[in-house]
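In the text below, chain A, chain B and the rest are named by the order of the sequence lines, each starting its count at 1. Computed over heavy atoms, backbone and side chain alike; hydrogens, waters and symmetry mates excluded.
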There are 2 protein chains.
Amino acid sequence: MSDIAKIFHALGDPTRRDMVERLTDAPLSVSKLAEPYAMSLTAVGQHLAILEAAGLVTTQKTGRVRTCALAQPGLDALGEWLAARRSPWARKLDALGDMLDE
Amino acid sequence: MSDIAKIFHALGDPTRRDMVERLTDAPLSVSKLAEPYAMSLTAVGQHLAILEAAGLVTTQKTGRVRTCALAQPGLDALGEWLAARRSPWARKLDALGDMLDE
DNA sequence: CGAATAGTCAAGTTAAAACTTTAGTGTTTG
DNA sequence: CAAACACTAAAGTTTTAACTTGACTATTCG
């Protein structure tokens, strides 16, 4: 699964997208992050693992609490993908470059 | 389902994301769009409906052929969402505005 | 006009995600 | 040191989404 595939798949789920939105404001522990959702802590942990694998969230464990924060790599990759669709000339240049490489 | 939810859900699927990527280069008929995929034309039509509902693709039927092209509204909405995560100060200003409204 | 083309509709099947339960680890607190 | 806390792992269930089949409509071509 490519990076961009992981990112879009991760953000395709409403709960995960909401988590990212809430982490925009401030870092949160797993428990705090889980509070608003009507699901088990385990389920939240699973969502978190997906966000982390996509490079959208980083976490670090101190003692028994894991703190989650927004990560740049995922957002940056998303920005690049979007830029390529919004300025088609950039994509055409890429295609030209690929052609010249052959 | 909110606009941004529709957009991320739509792009969360690999086939639909590939469709959008191919439409970045040029508009295509449904049949041409379907060619690379090992699935029925019906399935492609279903994917297309989801992309259209998300504002990522527009289509128009002329005679018996439907031509599909990339649409701005979806990409713009995605850009706005992303901008809000990448510059947290913007989001904090929004929160301040909401607070002052009360 | 008949056949081929391009796409669509409704309904059912299959495959993938999300979520749960149960049980457990390491960490702090009283 | 026992109990509460914060999370984690494995395995099974349920829900959702993707995809198929078969039948059908409208358009173009010979």
Side-chain angles (χ1 to χ4, degrees), chain A residues 1-23 26-71 74, chain B residues 1-23 26-71 74:
Chain A
M1 204 177 186
S2 78
D3 287 4
I4 198 71
K6 283 185 198 163
I7 290 168
F8 275 116
H9 169 247
L11 294 172
D13 180 85
T15 300
R16 288 194 291 264
R17 198 170 50 255
D18 191 66
M19 286 177 173
V20 168
E21 289 172 3
R22 287 176 54 227
L23 289 175
L28 291 168
S29 69
V30 176
S31 302
K32 285 284 174 193
L33 196 58
E35 256 176 20
Y37 313 120
M39 67 180 70
S40 69
L41 196 60
T42 298
V44 171
Q46 287 166 353
H47 281 306
L48 202 47
I50 290 170
L51 288 170
E52 205 170 356
L56 288 162
V57 165
T58 44
T59 73
Q60 57 178 8
K61 199 162 187 178
T62 312
R64 65 183 169 180
V65 41
R66 177 174 298 278
T67 303
C68 314
L70 209 58
Chain B
M1 204 178 187
S2 78
D3 287 4
I4 198 72
K6 283 184 197 163
I7 290 168
F8 275 116
H9 169 247
L11 293 172
D13 179 86
T15 301
R16 287 193 291 264
R17 198 170 49 255
D18 191 66
M19 286 176 173
V20 167
E21 290 173 3
R22 288 178 52 229
L23 289 175
L28 291 168
S29 69
V30 176
S31 302
K32 285 284 174 193
L33 195 58
E35 257 175 20
Y37 313 120
M39 68 179 69
S40 68
L41 196 60
T42 299
V44 171
Q46 286 165 354
H47 282 305
L48 203 47
I50 290 169
L51 288 170
E52 204 170 355
L56 288 162
V57 166
T58 45
T59 73
Q60 57 176 7
K61 200 163 184 177
T62 311
R64 65 185 169 181
V65 40
R66 176 174 298 279
T67 302
C68 314
L70 209 59

>> Ignoring hydrogens, what is the shortest heavy-atom contact between B:Val20 and B:Leu51? Give both atom names and the distance.
In response: CG2-CD2, 3.8 Å
>> Show the nearest heavy-atom pair for residues A:Leu56 and A:Ala10, with the distance to one decimal.
In response: CD1-CB, 4.0 Å
> Starting at the 5' end of DNA chain C, which residue's closest nucleotide do you reach first, A:Met1 or A:Ala38?
Replying inline: A:Met1
>> Looking at D:dC19, I'd like to know if its phosphate oxygens (OP1 or OP2) sit under 4.0 Å from a side-chain N or O belonging to B:His47.
In response: yes
>> For B:Ala43 and A:Val30, find the nucleotide of DNA chain D closest to each by heavy atoms; which residue's nucleotide sits nearer the 5' end?
In response: A:Val30
>> How many whole angstroms separate atom CE of A:Met19 from atom P of C:dA18?
In response: 11 Å
>> Output the rounded distance in Å from CE (A:Met39) to C1' (D:dT15).
In response: 13 Å
>> Taking donor-acceptor contacts at under 3.5 Å, does the side chain of A:Gln46 reach the base of C:dT20?
In response: yes
>> Going by the rule salt bridge (Lys or Arg N to Asp or Glu O under 4.0 Å), which residues pair with A:Lys32 if we only count those two or more places apart in sequence or in a different chain?
In response: A:Glu35
> Are any of B:Ser40's side-chain N or O atoms less than 4.0 Å away from OP1 or OP2 of D:dC19?
Replying inline: no
> Once you round it to whole Å, what is the distance between P of C:dA6 and CG of B:Leu33?
Replying inline: 14 Å
> For DNA chain C, what residues of residues 51-69 of chain B have any heavy atom nearer than 4.0 Å?
Replying inline: B:Lys61, B:Arg64, B:Val65, B:Arg66
> Which atom names give the shortest non-hydrogen contact between B:Lys6 and B:Ala53, and what distance separates them?
Replying inline: CD-O, 3.7 Å
>> From CG of A:Asp18 over to C1' of C:dA18, roughly how many Å is that when rounded to an integer?
In response: 16 Å
> CG of B:Asp13 versus C1' of D:dC19: gap in Å, rounded?
Replying inline: 11 Å
> Could you state the CG-P distance from B:Leu41 to D:dA18, rounded to the nearest angstrom?
Replying inline: 17 Å
> What are the two closest heavy atoms between B:Tyr37 and B:Val44, and how far apart are they?
Replying inline: CD1-CG2, 4.4 Å
> B:His9 has an atom NE2; how far is it from atom P of D:dT16, in whole Å?
Replying inline: 12 Å
> So what does B:Thr42 hit on the nucleic acid, given a heavy-atom distance under 4.0 Å: a base, only sugar-phosphate, or nothing?
Replying inline: base
> For the residue pair B:Thr67 and B:Pro27, what are the closest heavy atoms and their distance?
Replying inline: CG2-CB, 4.0 Å
> Closest approach of A:Ala54 and A:Ile7, non-hydrogen atoms and distance?
Replying inline: O-CG1, 3.4 Å
> Could you give the OH-to-P distance, from A:Tyr37 to C:dA18, as a whole number of Å?
Replying inline: 14 Å
